[in-house]
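Everything on this sheet refers to the single structure shown next.
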Number of protein chains: 2
Amino acid sequence: MINIALVDDHNLFRTSLAAWLNNNEKLHVALECENGKELQLFLPKHQIDVVLLDIQMPEMDGIETCEWLTRTHPGIKILIVSFLKDVDIIYQMMQRGAHGYFSKESAPEELANAILSLDYTSFFFNHSIRHIIQEAKKWKPTKKEVSTAPATSHDQLFTQRETEILKWVSQGLKSAEIGDKMNIDVRTVETHRRNIIEKTPAKNMIGAVLWAFKEGWIDLEG
Amino acid sequence: MINIALVDDHNLFRTSLAAWLNNNEKLHVALECENGKELQLFLPKHQIDVVLLDIQMPEMDGIETCEWLTRTHPGIKILIVSFLKDVDIIYQMMQRGAHGYFSKESAPEELANAILSLDYTSFFFNHSIRHIIQEAKKWKPTKKEVSTAPATSHDQLFTQRETEILKWVSQGLKSAEIGDKMNIDVRTVETHRRNIIEKTPAKNMIGAVLWAFKEGWIDLEG
DNA sequence: TTTCATCTGCGCAAAAACACGGAGACCACA
DNA sequence: TGTGGTCTCCGTGTTTTTGCGCAGATGAAA
């Protein structure tokens with residue numbers, strides 16, 4: 001019997017998936033959480049073997065949660081369950097210690113097999129993911145890549161300040177308005193914007209924001 | 001016994017939700033589809049009472065599907081099931097003939113009740129949605145609102161041309177580049193951009209694109 | 001036919017974003 | 001101590017976007 005923790009902010013999805021998984025006699029959903037913070041809170045009270053982790057969540061997202069899990073609970077296996085099918089983000093999750101990546105577009109029958117086949121030496125790929133990885137290998141990076149990105153203490157692409165600015169920009173604020181919000185000079189904001197664009201394959205802020213969202217680096221609020 | 005059709009492009013979500021609903025003796029999921037196109041194809045072969053409809057889907061999204069359903073199958077009740085909680089989009093779906101709006105963040109127990117309580121005279125609101133409606137009534141529209149937007153033959157917010165331009169803009173192209181792509185003058189593109197911003201509550205293109213995405217008017221490619 | 005929305009193009013001016021280079025302060029880490 | 005990354009600010013200049021007004025062509029609908 002494998003004990004599972006579900007971490008996903010969509011209650012409807014989470015609960016129905018839990019019901020489905022519990023139908024399998026080898027699986028047991030022992031814990032349901034809405035985000036990483038909740039997992040941190042309740043994980044000590046349960047004996048968990050596998051964590052099914054969504055990427056985009058409020059409070060504490062999949063990236064952070066995955067890092068924390070790997071650091072504090074190396075014995076727990078992590079399976080990312082997301083609708084994102086981007087190569088970069090899969091690599092990112094691999095680097096953060098995830099043991100598999102499962103697309104939400106796939107069938108639940110596959111998921112049970114995925115959970116049962118997880119191990120520490122290999123990385124599980126969804127069938128619908130696998131061919132994407134294949135194609136990705138043909139590409140040649142033209143700009144700064146995730147793997148060569150400045151490695152901060154937490155291996156993030158954007159710095160704290162840049163992430164803040166991305167948030168305001170995505171809400172439609174202008175540089176001057178952001179400067180007011182953050183109590184810094186307009187020119188500082190502009191410098192940050194330049195650096196943000198530099199870190200993405202985009203050529204302007206619109207492309208950069210949407211890229212960052214699609215790659216899972218930021219969430220859209222409101 | 002209520003016969004249900006599930007329309008959602010996330011296989012995992014759809015199948016597990018179907019399993020959950022089938023546990024209820026009063027409910028029966030008779031049809032599962034990935035998008036509106038599939039629904040159009042398979043609906044005639046089934047006797048469906050209620051359609052659970054996601055908004056953001058490829059091929060044929062919830063907006064289109066809802067319109068089509070209301071027009072061709074007025075006897076079928078439509079319950080929107082989405083993670084979006086925006087007031088405008090809820091009103092839009094009401095106008096298109098939906099009978100209820102359910103947030104994916106809510107509990108599945110609520111969903112069964114929602115389905116059973118659907119009727120033709122009222123509009124079902126999720127508990128987590130209801131307070132949003134309340135707050136929305138306090139607001140005063142400052143700009144052009146969806147309800148007063150130019151009503152085209154298909155009651156869309158953006159025109160065909162504007163949608164095209166939104167697509168290119170969201171991929172980071174500049175006005176000049178878009179003009180080349182579409183073989184129109186830069187100034188024409190700029191006119192369209194102005195009109196797009198006018199139709200949204202945003203003050204610049206970044207805000208407009210992200211608003212349009214969050215409201216389900218456009219999809220992000222790539 | 002008239003009306004209306006759409007698509008198209010133009011001119012002008014201000015605002016904002018973007019590009020490039022430089023630099024001091026701070027902090028963590030080796 | 002030195003290195004490197006981050007955050008901050010500055011100057012200069014170009015490019016792009018945005019705001020506002022105007023207007024003809026087209027096509028669909030009343």
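Proteins come first, then strands; the chains are lettered A, B, ... in the order of their sequence lines, and each starts at number 1.
Taking the side chain as every heavy atom from C-beta outward, B:Leu39 and B:Asn35 never approach each other to under 4.5 Å.
A distance-only check finds a donor-acceptor pair linking the side chain of B:Glu162 to the backbone of B:Thr159 [under 3.5 Å].
Between the CD1 atom of A:Ile178 and the P atom of D:dT8 there is a distance of 13 Å, rounded to whole Å. Between the C1' atom of D:dC7 and the CD atom of A:Glu164 lies a distance of 11 Å, rounded to the nearest Å. Nucleotide D:dG13 holds its P atom 16 Å from the CD atom of A:Glu190, rounded to whole Å. Between the CE atom of A:Met205 and the P atom of C:dA16 there is a distance of 16 Å, rounded to whole Å. Rounded to an integer number of Å, the gap from B:Asn195 CG to D:dG19 C1' is 12 Å. Here C:dA19 presents its P atom at 8 Å from CD of A:Glu198, a figure rounded to the nearest Å. A straight line from CG of A:Asn204 to P of D:dT17 spans 7 Å, rounded to a whole angstrom. The nearest whole Å value for the distance from the CD atom in A:Glu162 to the P atom in D:dG5 is 13 Å.
Distances shown here put a side-chain N or O of B:Thr159 below 4.0 Å from the OP1 or OP2 atom of C:dC7. Look at A:Thr188 and you'll find a side-chain N or O under 4.0 angstrom from OP1 or OP2 of D:dC9. A sub-4.0 Å separation between OP1 or OP2 of C:dG9 and a side-chain N or O of B:His192 is absent.
Listed candidates were C:dA16, D:dG19, C:dC7. Nearest to the side chain of B:Gln160 is C:dC7.
Note on A:Ser175: only backbone sugar-phosphate atoms sit closer than 4.0 angstrom, heavy atoms only; bases stay farther off. At a threshold of 4.0 angstrom between heavy atoms, the contacts of B:Arg187 include nucleobase atoms, whether or not backbone atoms are also involved.
Closest approach of A:Gly36 and A:Thr65 over heavy atoms only: CA-OG1, 3.3 Å.
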Take B:Met182 and B:Trp168, measure what side-chain contact (heavy atoms from CB on, under 4.5 Å) needs, and give me the verdict at the end.
CA-CA 10 Å; B:Met182 297 174 63; B:Trp168 295 120; 4.0 Å; yes
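Comparing B:Val186 and A:Ile184 by the nucleotide of DNA chain D that holds the closest heavy atom to each, the one mapping nearer the 5' end is A:Ile184.
Here the rule is side-chain contact (heavy atoms from CB on, under 4.5 Å) with B:Leu53, and of B:Ile63, B:Leu6, B:Ile78, B:Val81 only B:Ile78 fits it.
Between the side chain of B:Arg194 and the base of D:dG21 there is at least one donor-acceptor pair of N/O atoms closer than 3.5 Å.
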